[in-house]
Amino acid sequence: MHSVSQLISKFPRAELISLPTPVERLDRMSNKLGIDLWMKRDDLTGLSFGGNKTRQLEYYIGAAVEKKAHTILITGAVQSNFVRTAAAAAAKFGMKSILQLEERVPDMGSMYYSSGNVLLSNLLDVEHMYFPEGENESGADAALAKRAAELVAHGQVPFIIPLGIDHPPLGSVGYVKGGAELADQMPEFDVGIVPSGSGATHGGLLTGLRLSGINSPIYGICVRRDAVQQKNRMNRLTQKLAELLDIERPFKQEDILTWDGTLAPGYGQVGQKSLYALKLMAQTEGIMLDPVYTSKTFAGLLGLLEEGRILPGQKVLMLHTGGLPAIFSYQESLIN
Ligand SMILES: *Cc1c(COP(=O)(O)O)cnc(C)c1O
């Protein structure tokens, strides 16, 4: 077996987090649900409210620093946590950032466009671009490439953090490392639960865990696409990740689990199940979940329990990926 630290040592890493993040037992929620529930607190990675993107950015910013980039360019939803954290990481390394915001969520109120991550990005002093089509990943990447070419023409060195699935998933390397870290902290558990959006987190964590000898089922809870589409995406992403690491993928396609029972009403929209899950976690453990990802993910855990895919008494690990600033931009959907 490969050692994870050896495999990833060839990628330059910008230190953004003090690791490891804590793993905590949720005692009251465990009692309530009749399981043995643990949470890895990647909402506590720090750096401008933190979250899972900070791990991914250690490798993107590492590459940007190596390239001596002046400016990073990144695209995401209006309330993207990735975009906000990237701007913070760029600031820490003395780079500028250009953030492209995509229209992905219909019918949102004014807070969606001004509070939460948008507010933080404005405080970080960034250049904003706007992209009207939220479902056009290659178009969004092409728009960044065009802006980057303008910078090059002015003698600047840009660095693009791409969105599309055809690029090497460098950010996933951060979660390969995260998987090894989790395996050290918790060498045995029955079921793992993670959100699955771009898939960088789910794919990296699954790879890191398998490389560390942990073979428990890891469910990716769908936050953006249905379970079939997401499984296809994860299949491609994890193949590309294995290529990037220069190994054979340490698991088969059947080992990729996706579940979409809490995806409705769609990406970035708060359904009844998510709202229930968010309030249950807040009122039982005092831990906040975000409206877009982690509330759907915890609602997914409750759904898997209901369906009998998680059994009473089992040891369950949920990854908390952060995203908390979005609570403030979703207040119209959360208070009713
Ligand atoms: C982006 C994001 C996710 C999804 O992670 P991917 O790596 O894109 O799949 C989950 N939770 C939060 C809070 C996020 O910001």
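One-based numbering, in listed order, for ligands and for the atoms of each.
Listed by atom number, the atoms of ligand 1 under 4.0 Å from Gly323 heavy atoms are 13 (C). When each atom of ligand 1 is checked for a heavy atom of Gln56 under 4.0 Å away, the hits are 7 (O). Listed by number with element, the atoms of ligand 1 under 4.0 Å from a non-hydrogen atom of Ala200 are 7 (O), 9 (O). The atoms of ligand 1 that sit less than 4.0 Å from any heavy atom of Asn81 are 13 (C), 14 (C), 15 (O). For ligand 1, the atoms closer than 4.0 angstrom to any heavy atom of Gly322 are 13 (C). Below 4.0 Å from some heavy atom of Thr201 lie the following atoms of ligand 1, by number and element: 5 (O), 6 (P), 7 (O).
Here the closest non-hydrogen pair linking Gly268 and Val292 is CA-CG1, 3.9 Å.
By the criterion of a heavy-atom distance under 4.0 Å, neither the backbone nor the side chain of His202 is placed next to ligand 1. When heavy-atom distances to ligand 1 are checked against a 4.0 Å cut-off, Val223 has no atom that comes that close, whether in backbone or side chain.
For atom 6 (P) of ligand 1, the nearest non-hydrogen atom of the protein is Ser198 OG, 3.4 Å.
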Quick one, Ser212 with Val4, criterion side-chain contact (heavy atoms from CB on, under 4.5 Å). Give me CA distance, side-chain angles, the key distance, then yes/no.
CA-CA 7 Å; Ser212 309; Val4 167; 4.0 Å; yes

Under the salt bridge (Lys or Arg N to Asp or Glu O under 4.0 Å) criterion, do Arg104 and Glu135 qualify, and how do the steps go?
CA-CA 7 Å; Arg104 286 192 200 167; Glu135 292 307 322; 6.0 Å; no

Pair Arg84-Asn81, side-chain hydrogen bond (donor to acceptor under 3.5 Å, both in side chains): steps then yes or no:
CA-CA 5 Å; Arg84 174 253 311 165; Asn81 298 302; 2.9 Å; yes

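One finds no salt bridge joining Glu306 and Lys273 here, because no Lys/Arg side-chain nitrogen approaches an Asp/Glu carboxylate oxygen to under 4.0 Å.
A distance of 5.0 Å separates CD in Glu58 from CG in Leu16, rounded to the nearest 0.5 Å.
Using a 4.0 angstrom heavy-atom cutoff, Gly51 does not count as in contact with ligand 1.
Using cut-offs of 30° and 60° for the angle between ring planes, the Tyr60 and Phe82 rings count as tilted.
At least one N/O-N/O distance between Asn52 and ligand 1 falls below 3.5 Å. At least one N/O-N/O distance between Gly197 and ligand 1 falls below 3.5 Å.
With a 4.5 Å cut-off on side-chain heavy atoms, Leu57 and Ile161 count as touching.
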